[in-house]
Every structure is written in structure tokens, then in C-alpha cells.
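Only one structure is covered here, and it is reproduced in the block below.
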Protein chains: 2
Amino acid sequence: MLTVLEKARKDPDSMKGRILKVARRIFGEYGFHGTTTRMIAQEVGIDISTLYYHWGEKGELYEAVILDINEDLRRKLSEVEQVIHGRPLAERMSISIDMMTDYLFECPEISNIVLFQYFGKTRYRSSLDIQVPELISDIARSMNLCGRRGKVPAAARMKVLTIMNAIHSFISGENFFRPMLNLGRKEYIQLVKMTLKHILIPAFERGQEGSPGEGEYAL
Amino acid sequence: MLTVLEKARKDPDSMKGRILKVARRIFGEYGFHGTTTRMIAQEVGIDISTLYYHWGEKGELYEAVILDINEDLRRKLSEVEQVIHGRPLAERMSISIDMMTDYLFECPEISNIVLFQYFGKTRYRSSLDIQVPELISDIARSMNLCGRRGKVPAAARMKVLTIMNAIHSFISGENFFRPMLNLGRKEYIQLVKMTLKHILIPAFERGQEGSPGEGEYAL
DNA sequence: TTTCGCTTCCATCATTTGATGGACACTCTA
DNA sequence: TAGAGTGTCCATCAAATGATGGAAGCGAAA
């Protein structure tokens, strides 16, 4: 038996799938409270009660969106890991940044929703437990920031968070940053990749040679 | 003649000042649409119409909050620049990261509002032009990423944005990241600083020696 | 054709929310 | 003391918004 979300993911042209897709975009742009069910219904081109028929109340639709993008992200990261497996660190990072950046620029609502999850509060109680922690730990392991098994230290997870946040920020902030830099879309994407590589890679290359440890920049 | 905002900033104990302070926090937590004027009024302990008496409509109060935190940020950055002036790059960055991180952890609503500005859309038209671009260019100059005068190249501004975003992300995401890492507040702050320095400084040190140029990590 | 189940929409409701009018209280000044 | 100016609150409004009931459409099965 498929859940409603699984049905919607399986058939994107179904009404459930169409609603989910639009809801991702609108929730991503305006956040939970900034989005009204009427906005979503209008964008899909259906009556508001049709929306309620398929997804129940607003909060449930929002949770479906969260689960949906988390699943997409999980799959993409798994795909990236397949590709970079076995390569040297700098190359792994360069490829990861390219792949993730390209992907997220195609689905910017993923970055939007992720950031809303991180930073924003909502005036309704959600009983949703997100698997972000596991995801972060997996990436840390795949980057050889720690042993293959066992607990991933907080410092390693922080580094992964830094990388993820940096990428999401530039995707999600495109509408703010790009006009400010006066760049076309392609130029912007190119510059994002270049900047991320320029800043992120040296740190991890340095961290490899002889493992200077965590205290090197502590006061 | 002082504007309403200037009055409120000048006297934080006045009703206008108290409202502004609470509004910063609530808007920062819940965003524009997630915040109701009633929430703010209740938190201040006043009637809703008293709030309207002092600040007019919701959008105007929100704009005041934006201007207020931008001014705070501008002053703090100016203070940081005084301190780091003349020191070597790695030290400049280390001090900047310490000072800004400490400051923003004391006023996390600043990071919250900034990120909402960057990433979120609002369903109302704002005629507010923010001086973020100038701020970013100033920092780039102060970091010697470009000449003292003239136009700051986009690549340099991107690097500054990366740094600012990284800091804001960890401040604003504390409520999400800290439980995930299972750290106390002080440990978390310490780890944020360490991670930021560890990741950010090597890139800029490397960028200095012989100026390898922008294309080093391009495909 | 009839019936059943699924889907859609119209009309409507109840609550929330932004916003305002007017009464009341307080202070200062003439 | 009278009156103006200021600040606060109660009551209330109008619009937006989340949510639902019920009728109607539609296709497949009986």
C-alpha cells in the first residue's frame, strides 16, 4: 500500500503530483505562513476544496513537501557519492560541488525549503522528525572526515553543515544576490561554483596533510 | 528632526523602543507573515492599537526593523574594521570571525532577519532599498580583495557573501543544529568559530601568495 | 441504463488578522 | 480649573484565510 506522498511522487502528472510540485515551489518562495492554500490552488488551476480533498489540511501538505524534498536530496547525495567514490579529495569536492550546485539551481525550492526548516519557526506544532542528522553524518563519512563506522564527531558534522549551508545560501539567495552583482544566470552559477571551490577545497586539502587537528585556529 | 526610528533607537526604554526591540525578535523568529501584530503587542504587554498608534501599519514596523538591524550591522562592521586595521590577513579574519560571531550570537535576530531578507519573498511590495551591496563592497576592500578605490569585482563580493552567509547560517540555525550536534551553547559557539576559521582562512591565505587568479578551480 | 465510487467545484462558515474609532486617563500649561 | 495634547485601551470592522458540506460531473462496473 502506497502512502499519499508515494503516489504523488510516482505519478507527477496526477492531481496529487501536480499539487505537490506547485506546493513545493510556493512554500519555498513564501514560507509556511506566507503561503495560502488559495495561492497553491490558483497556481495549479483548481478549486481550493479540490486541494483539501487530496491533501487534507495545510500542515499535512507542508509536511509532505518536506518529506518529498528530503527524499530528493537523499537520492541526489547518494548519486553523487557513487560518482566520487574512490577519487582523491579535491576532485571529490569539486565534483560534488558541481553536481549539487547544478541540481539545486534546477530545483531551487529544495534549498528554499531546507533553509526555512533550519532558520524559521512555525506557529504550528509539527510531529515530523527529519533525518537530516543521518544525512550529514553520511556525507562526513563519505568525505573521509572520520572513520567509516561509529559516531561522527561534531566538528566533522559542522564542516559538512558549512558546505551545505554555503551551497543552499547561494541557490536560495539568487534573487537577492544576482541583481546585486549584476550578473546573468549562467555567469552567476559559474561564479558560485568557482567561489565555493576556491573557498572550501583548500581547507579540506590542508586538513588532510598530516591532520593538524582541530585546534589550529583556536584562540 | 528625528524620524520615528531614530527616536526609538535613541531611547530603547520608550514605548517605541520597546516595541521595536520585541518586533525585531518576533519578526526574526517567524518572518513577516508568520508574525502577527497581536503577537508583538502581547509580548510587549500592550494593546494592539497602542502598537498601531506608535508604528502605523505592520509593513512600516517591519521596514523599521530592517533599517534598524542594518544600522546595527553597519556600526558593528565599522567597529571591527577599526580593530583589524593594519594586521596580517589571517589575524584580520580570525578577529573578524570572533567579533562578528560573538556579536550575532548575542543578537541572533539580526542573522534571522538578514536571512529572511535574502531568501524569503513577501506578499507585500516594499519600497525599501537596502544598502547591503555597499556594505559587502566595503568589507571586500577592507579585506584587500581588491583595490582601495573603484569597482569591486563580482568574484570578490561573492567571497565576502560566502563568509557572511556562513556566519549567519550558524547563528540563525542554532535551534536546529545545536540539538542535532547535542552541544551546549558555549560549546556550540566555540565550535562555530573554530569551524569557520578552519574553513575560511586557508582559502584567503592561499589567495594572497602570488595571486593564483580566479580560474584555478574552474572546469 | 443504473449504480457506485471518485473527483471537482460552488457556496459557505468560523477564525484569524490587519486596522480603526472613540472613550478615558494623565500631564502640562495658561 | 479649563483645555489642549498625548498615550492607552475596549469594542469593533472588513478582509483574508483555513476548512467543510453538498451538489454535480464523469467513467467504470453491474
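So that the names make sense, note that chain A is the first sequence line, chain B the second, and so on, each numbered from 1.
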Could [X] and [Y] be called an ion pair, given the rule that one side-chain N must be under 4.0 Å from one carboxylate O?
{"X": "B:D13", "Y": "B:R18", "result": "no"}
{"X": "A:D72", "Y": "A:R24", "result": "yes"}
{"X": "A:D138", "Y": "A:R141", "result": "yes"}
{"X": "B:E6", "Y": "B:K10", "result": "no"}
{"X": "A:K197", "Y": "A:D98", "result": "yes"}
{"X": "B:R178", "Y": "B:E187", "result": "no"}

Fit a plane to each ring of B:Y62 and B:Y124, take the angle between them on a 0 to 90° scale, and name the class: parallel (under 30°), tilted (30 to 60°) or perpendicular (over 60°).
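Rings of B:Y62 and B:Y124: perpendicular, over 60°.
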| field | Within residues 38-64 of chain A: residues closer than 4.0 Å to DNA chain C (heavy atoms) | value |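 DNA chain C contact set from residues 38-64 of chain A: A:I46, A:D47, A:S49, A:T50, A:Y53, A:H54.
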Exercise. Would you indicate what B:S14 reaches in the nucleic acid, counting non-hydrogen atoms under 4.0 angstrom: base, sugar-phosphate, or nothing?
Key: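 Contact class for B:S14: none.
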Taking the six-membered ring of B:F170 as reference, does the cationic atom of B:K193 (NZ for Lys, CZ for Arg) lie under 6.0 Å from its centre and within 45° of its axis? no
dist A:Q117:CD -> A:H168:NE2 (nearest 0.5 Å) comes out at 9.5 Å
Under a 4.0 Å heavy-atom criterion, DNA chain C is touched by chain A from C:dC6 to C:dT17
Distances for protein N or O near nucleotides 24-26 of chain D N or O, under 3.5 Å:
none

What's the verdict on side-chain contact (heavy atoms from CB on, under 4.5 Å) for A:F105 and A:S111, showing C-alpha distance, side-chain angles and the deciding distance?
CA-CA 9 Å; A:F105 267 114; A:S111 292; over 6 Å; no
